[in-house]
Enquirer: 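Below: one structure in structure tokens.
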Number of protein chains: 2
Amino acid sequence: MSDPEAKPARGRPKTMNADNVLDLAMTAYWHSDPADVSVNAICQMAGISKPSLYRAFGSEDGLSRAALDRYAEQVLSEMFAVLQGGAGLRETLAALIDFACDDPRMDTGCLFYKMRAGKHRLGPETRARVDEIDASAQAAYATFLKAARAAGDWSNGLSVEAGAKYLGEQISLAITQRASGEDPARVREMLTLALSVFTRP
Amino acid sequence: MSDPEAKPARGRPKTMNADNVLDLAMTAYWHSDPADVSVNAICQMAGISKPSLYRAFGSEDGLSRAALDRYAEQVLSEMFAVLQGGAGLRETLAALIDFACDDPRMDTGCLFYKMRAGKHRLGPETRARVDEIDASAQAAYATFLKAARAAGDWSNGLSVEAGAKYLGEQISLAITQRASGEDPARVREMLTLALSVFTRP
DNA sequence: CTCATTTTATACTAACTGGTATTTTATTTC
DNA sequence: GAAATAAAATACCAGTTAGTATAAAATGAG
């Protein structure tokens, strides 16, 4: 944003740290569900007034969009990194399975998947961002699978696009199940089974 | 409930047909989302007053529970019938795929899966019924798979329980994707792929 | 006709939602 | 010190939610 070391403006000094509020909002949306967290609740948790929040983020839509942006930077980027790491098919799939089944941050699910599942309840900005991330993820999965196919690691009758969608949805399902309290070992077993279609002829 | 041909009681005659209201509520919950349909909206659609609805169903929880009961009778029963039909593994899987991907009633998704996905927003009665149905479905899938295994149709390393869970979740995923506007051919392709693990050694 | 009975509709409650108008407070600049 | 500026908090708005108190209306029984 703006220079954090800029001269301290002119009016009454800020006491609200928008960054902290955003972190808190992201975490609240993430750990419960975007639809179950009101702006009122966020203000209360953050110990700020509503006008302060609205001055910083404009609207609930602006806040949830900013929270999703931050989530994409902080969390989703890692998943993209795994996909783009250039490792082989089996290694990458194993890393994705580990991420979905073991990463403690996914204990309470994935904010992006939660938002996507309740997309119709989001404001237009946030919804657009969800679609954007969805498309990026689909593209990343497709690029990964295309490379695997070029390397001869994978060659069943499926199109790359269908495979990419399938892969993404299976990971989403696993994370969602895990967040809903399903036995982690069982989740891993099911995800491994679902993704075994990529490694069997 | 009570005899529809019983003598016409004593007070002011009913004008509300609770059965019609229940159908309407079930359809509304089903075609949009239980969390997005208020009792106010149902009363308005049904052309009845709130006290009438509350006298018939007690509470929102009572109404949604009754709607789920009716859905189980009218729709889910068919899926159970397919599972218990005694057909072979491949035939039954094919029938399940057809149901999930082609049955026009699943165009807007499955009320049970929608309720299960938003379980924490339901009242206690409805939530308990969701859990009950979930357990029945799991049991039906398990019985089906056990028979298939006994017939020698299926024998990979998976436990019957894990297979049952997997099967149920894949069908849920397919129906949910279809309802969210995904290309039906693509959904079928993915579900077929997911279930191919049962028919390959 | 009168009374008990039952259903109806109107109108209300209290709590919550996202959002804002208004005023107060703290600061820099002059 | 006075003016300008910006952020703060309080208190509100209109709309929605689930749920209900109350009274009107429509019937059968006596």
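We use all heavy atoms of the structure for the numbers below, so side chains are in, but hydrogens, waters and symmetry mates are not. Here is how names work: the chains are called A, B, and so on, in the same order as the sequence lines, proteins then strands, and each is numbered from 1.
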Enquirer: Indicate yes or no: at least one non-hydrogen side-chain atom of B:I171 is less than 4.5 angstrom from one of B:I97.
Expert: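 No, every pair of side-chain atoms sits at 4.5 Å or beyond.
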Enquirer: Any side-chain N or O of B:R10 below 4.0 angstrom from OP1/OP2 of C:dT7?
Expert: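 For B:R10, the contact criterion (side-chain N or O under 4.0 Å from OP1 or OP2 of C:dT7) is not met.
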Enquirer: Using OP1 and OP2 only, check whether a side-chain N or O of A:R55 sits under 4.0 Å from D:dA8.
Expert: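 Indeed, a polar side-chain atom of A:R55 lies that close.
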Enquirer: In terms of side-chain heavy atoms of A:P13, which of C:dA26, D:dA26, D:dA7 is nearest?
Expert: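 Nucleotide nearest to A:P13's side chain: C:dA26.
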Enquirer: Answer whether the closest heavy-atom distance between the side chains of A:Y71 and A:C110 falls below 4.5 Å.
Expert: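 Of all side-chain heavy-atom pairs linking A:C110 with A:Y71, at least one is under 4.5 Å.
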Enquirer: Let's see if you can work this out: which of D:dG19, D:dA6, C:dT7 has an atom nearest to the side-chain heavy atoms of B:E60?
Expert: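 Of the options given, the side chain of B:E60 lies nearest D:dG19.
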Enquirer: Please state how far atom CZ in A:F57 lies from atom P in C:dG18, giving the value in whole angstrom units.
Expert: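 It works out to 15 Å between those atoms.
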Enquirer: Going by an N to O cut-off under 4.0 Å, is there a salt bridge joining B:D102 and B:R188?
Expert: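 Salt bridge between B:D102 and B:R188, a charged N being under 4.0 Å from a carboxylate O: yes.
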Enquirer: Among D:dA7, C:dG19, C:dT6, which is the nearest nucleotide to the side chain of B:R12?
Expert: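 My answer, after comparing the listed nucleotides, is C:dT6.
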Enquirer: To the nearest 0.5 Å, how far apart are CD in B:E125 and CD in B:E60?
Expert: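 Between B:E125 CD and B:E60 CD, I get 12.0 Å after rounding to 0.5 Å.
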Enquirer: Using whole Å, report how far CZ of B:R121 lies from P of D:dA18.
Expert: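 Going from CZ in B:R121 over to P in D:dA18 covers 13 Å.
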Enquirer: Check the side chains of A:Q170 and B:Q170 for a donor-acceptor pair under 3.5 angstrom, ignoring hydrogens and angles.
Expert: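 Yes, A:Q170 and B:Q170 have a side-chain donor paired with an acceptor closer than 3.5 Å.
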Enquirer: Nearest whole angstrom, please: distance from the C1' of C:dT17 to the CG of A:L63.
Expert: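 Distance, rounded to whole Å: 15 Å.
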Enquirer: Do we see a donor-acceptor contact under 3.5 Å between the side chains of A:H120 and B:D36?
Expert: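 Yes, a side-chain donor-acceptor pair sits under 3.5 Å.
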Enquirer: Within residues 37-54 of chain B, which residues have any heavy atom lying less than 4.0 Å from an atom of DNA chain C?
Expert: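 By residue number: B:S49, B:P51, B:S52.
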